[in-house]
Amino acid sequence: MAKKRIQKSSTAAPESVDRRRLLKTIGASAAIGAGASAIGAPFISDPAKAATTTWKVQTSWPAGVGLEVFKKWANSIKEKTGGELEFKPFAAKEIVGDFELLDGVKNGVLEAMNSFTLYWAGKLPATAFLSSYLMGLRQPHEWDIFFYSKGGLQAAREIFAKQGLYYVGRIHHGPNIVHSKKPIRSIEDFKDLKLRVPGGMIAEGFAAVGAKTTLLPGSEVFSALEKGTVDAADYTGPAVNWDLGFQQVTKYIWMGPPGLESIYQPVDLMDFCVGMNHWNKLSPKLKQWLEDEIQVYSNIHFGAIQKADMEAWDKFLKAGVEVNRLPPEDLPKFQKAAVPLWFKWANKDKDAARLFKLQLEVMESPTVGYVTPDMYKGLKIDL
C-alpha cells in the first residue's frame with residue numbers, strides 16, 4: 001500500500017510570522033536600550049547658544065587609572081553637549097591642594113571638583129556619612145538604597161548648598177586597602193602602628209584599636225612611606241596603589257576578611273560638585289543632562305577601577321608583597337570599636353544625625369540586615 005505524501009506548506013501560519021516579528025523587535029529594542037544605558041542619553045544642544053561654558057574641574061586623583069578615566073571622561077563633555085559645556089580637567093594639586101578643593105570651588109578658583117567626599121569631614125561632619133566608614137554600609141547597592149530610596153541625595157545637596165556648592169551626584173569607587181612596612185595579621189598588630197588615614201571617623205576607629213594615626217592627602221602617601229614618616233598607609237585599591245609605586249616602599253598589604261575587602265572604606269565614594277553660581281547659569285535641560293551624565297561617569301569609573309584592581313593583584317604577588325586578611329574572629333572587635341563612633345559623629349550636628357538615621361534604617365532593614373538594636377543599646381541619635 002502506497003504511503004500518502006504529506007505536503008509541507010512553504011508559508012508559515014500568519015500567527016507564527018507575527019510571533020517571530022514580535023520577538024525580533026523586542027530583541028532589537030533590548031539591545032538598543034542596553035547600549036543607550038551604557039553610553040548615556042544624547043544631549044541635544046541649543047542652536048541659539050553661541051558661547052561655550054568652560055569649567056576648570058580638579059579631581060582628587062593624583063595618577064593611575066582613576067586619573068586616566070577622569071580625564072578621558074572630562075574631555076568628552078564638549079562633544080557630548082555640542083559645544084555648550086566644556087571641562088578642563090586637572091589632577092590632584094594642579095591648581096589647589098587636595099584638602100583645599102572645597103574652598104577652591106567655593107571661592108571660584110575652580111568651577112567644579114571631583115573629590116573624595118570624606119576629605120571634608122573635618123569641616124562638615126555630615127560628610128563622614130557620605131562615604132564609607134568603619135563597619136558601615138558595605139556594598140555599592142547599599143549606598144544606592146540610601147541615596148535613591150531614602151532621600152540621601154537630596155539631603156547631600158542641601159548640606160553642600162550651605163557651602164555654596166551643588167552636589168550633583170555620588171561616584172562609586174572601590175574598596176581601600178592598607179600598605180604596610182610591617183605585617184598586620186590581627187587587630188593587635190595595629191597597636192602603636194604609625195598609620196596614614198583620611199581622617200574623621202576612620203582615623204578615630206583605628207586609634208581606638210591602638211594605631212597612631214596621621215592625616216595626609218593621597219598625593220603625599222608615597223613620600224611618607226618612603227621616608228618612614230608612617231609605618232603603614234590606607235589609600236585606594238591595588239591598581240592605583242601599584243601605579244603610585246607603593247610596592248617599592250612596603251612589603252605587606254592588609255585587607256578585611258574573605259568577602260569584605262575593606263572593613264573601613266569598602267565603597268570609597270567620590271562626588272562631583274559645582275559652584276552654585278555656575279550651576280545656576282546652566283539651562284534646566286543641561287542641568288538634568290549633567291545629573292544623568294554623572295551616573296554614566298560613575299558606571300565607567302567604577303567598572304574601570306574594578307577591572308584594573310583585579311589585574312593588579314598578580315603584580316603585587318610577583319613583586320613579593322605579602323597579602324594578609326583580617327581573621328573573621330577579629331571582625332566583632334572592630335564592630336565594638338565602630339558603633340560608639342557612629343553615634344558620636346552622628347551627634348556632631350543635625351545634618352550628620354539626619355544622614356546617619358537614614359543609613360541606620362538601611363543597615364537594620366532585613367534587606368541589608370547586619371545591625372540589630374542590641375548592638376547600640378543605650379546610644380541615641382540627637383535629632
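Without hydrogens or angle criteria, T54 side chain to E86 main chain gives no donor-acceptor distance under 3.5 Å. Listed for the K181 side chain is a donor-acceptor partner under 3.5 Å among the backbone atoms of L225. Side chain of Q359 to backbone of G136: no donor-acceptor contact under 3.5 angstrom is found. Of the possible donor and acceptor atoms, none in the side chain of D103 sits under 3.5 Å from a partner among the backbone N and O of K106. At least one donor-acceptor pair under 3.5 Å links the side chain of E94 to the backbone N or O of A91. A donor-acceptor pair is defined here as one N or O able to donate and one able to accept, closer than 3.5 Å; such a pair exists between the side chain of E111 and the backbone of K56. No side-chain donor-acceptor contact under 3.5 Å links R325 to the backbone of M255. Judged purely by atom type and a 3.5 angstrom limit, W55 has no side-chain atom pairing as donor or acceptor with the backbone of M113. Checking side-chain atoms of D189 against main-chain N and O of S186 turns up a donor-acceptor pair under 3.5 Å.
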query: Going through the distances and angles, do Y297 and F272 end up as a ring pair (Phe, Tyr, Trp, His ring centres under 6.0 Å)?
result: CA-CA 10 Å; Y297 172 51; F272 191 87; 7.7 Å; no
message: K162 vs E158, test: salt bridge (charged side-chain N to carboxylate O under 4.0 Å, His left out). Steps then yes/no.
response: CA-CA 7 Å; K162 296 176 185 178; E158 291 169 5; over 6 Å; no
- request: Given salt bridge (charged side-chain N to carboxylate O under 4.0 Å, His left out), test K227 with E220 step by step and report yes or no.
  value: CA-CA 11 Å; K227 295 173 184 176; E220 297 178 19; over 6 Å; no
task: Give the C-alpha distance, both sets of side-chain angles, the deciding distance and a yes or no for side chain to side chain donor-acceptor pair (under 3.5 Å) between S180 and D231.
output: CA-CA 6 Å; S180 179; D231 302 317; over 6 Å; no
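Residues satisfying the side chain to side chain donor-acceptor pair (under 3.5 Å) test with S262, not counting sequence neighbours, are none.
No donor-acceptor contact under 3.5 angstrom links the side chains of N347 and D382, judged on distance only. Between Y370 and Q335, the side chains place no donor N or O within less than 3.5 Å of an acceptor N or O (distance only, hydrogens not considered). A side-chain donor from one of T117 and D271 sits under 3.5 Å from a side-chain acceptor of the other. A donor-acceptor contact closer than 3.5 angstrom links the side chains of E291 and Y166.
For the atom pair CZ (F206) and OG1 (T213), the distance works out to 10.0 Å, reported to the nearest 0.5 Å.
Within 6.0 Å of CD on E79 lie no more than 12 heavy atoms contributed by other residues, nucleotides or ligands. Annotation for K287: atom NZ counts as buried by contact number, over 12 foreign heavy atoms lying within 6.0 Å.
Ring pair F116/W61: centre-to-centre distance below 6.0 Å. Between W120 and F160, the distance from one ring center to the other does not fall under 6.0 angstrom.
Annotation: side chain of L130 is in contact with side chain of F147 (closest heavy-atom distance under 4.5 Å). For the pair L244 and V221, the minimum side-chain heavy-atom distance is 4.5 Å or more.
The shortest heavy-atom contact between A92 and S60 is CB-O, 3.5 Å. Minimum interatomic distance between A126 and I159 (heavy atoms only, all atoms of both residues): CB-CD1, 3.8 Å.
A salt bridge (charged side-chain N to carboxylate O under 4.0 Å, His left out) with E322 is found for exactly one of K251, K182, R185, namely R185. Shown are T250, D309, T236; of these, the side-chain hydrogen bond (donor to acceptor under 3.5 Å, both in side chains) with N241 is made only by T236. Exactly one residue among H173, R170, H172 makes a side-chain hydrogen bond (donor to acceptor under 3.5 Å, both in side chains) with S298. That residue is R170.
For E68 and K72, the salt-bridge test fails: no basic side-chain N is under 4.0 Å from an acidic carboxylate O.
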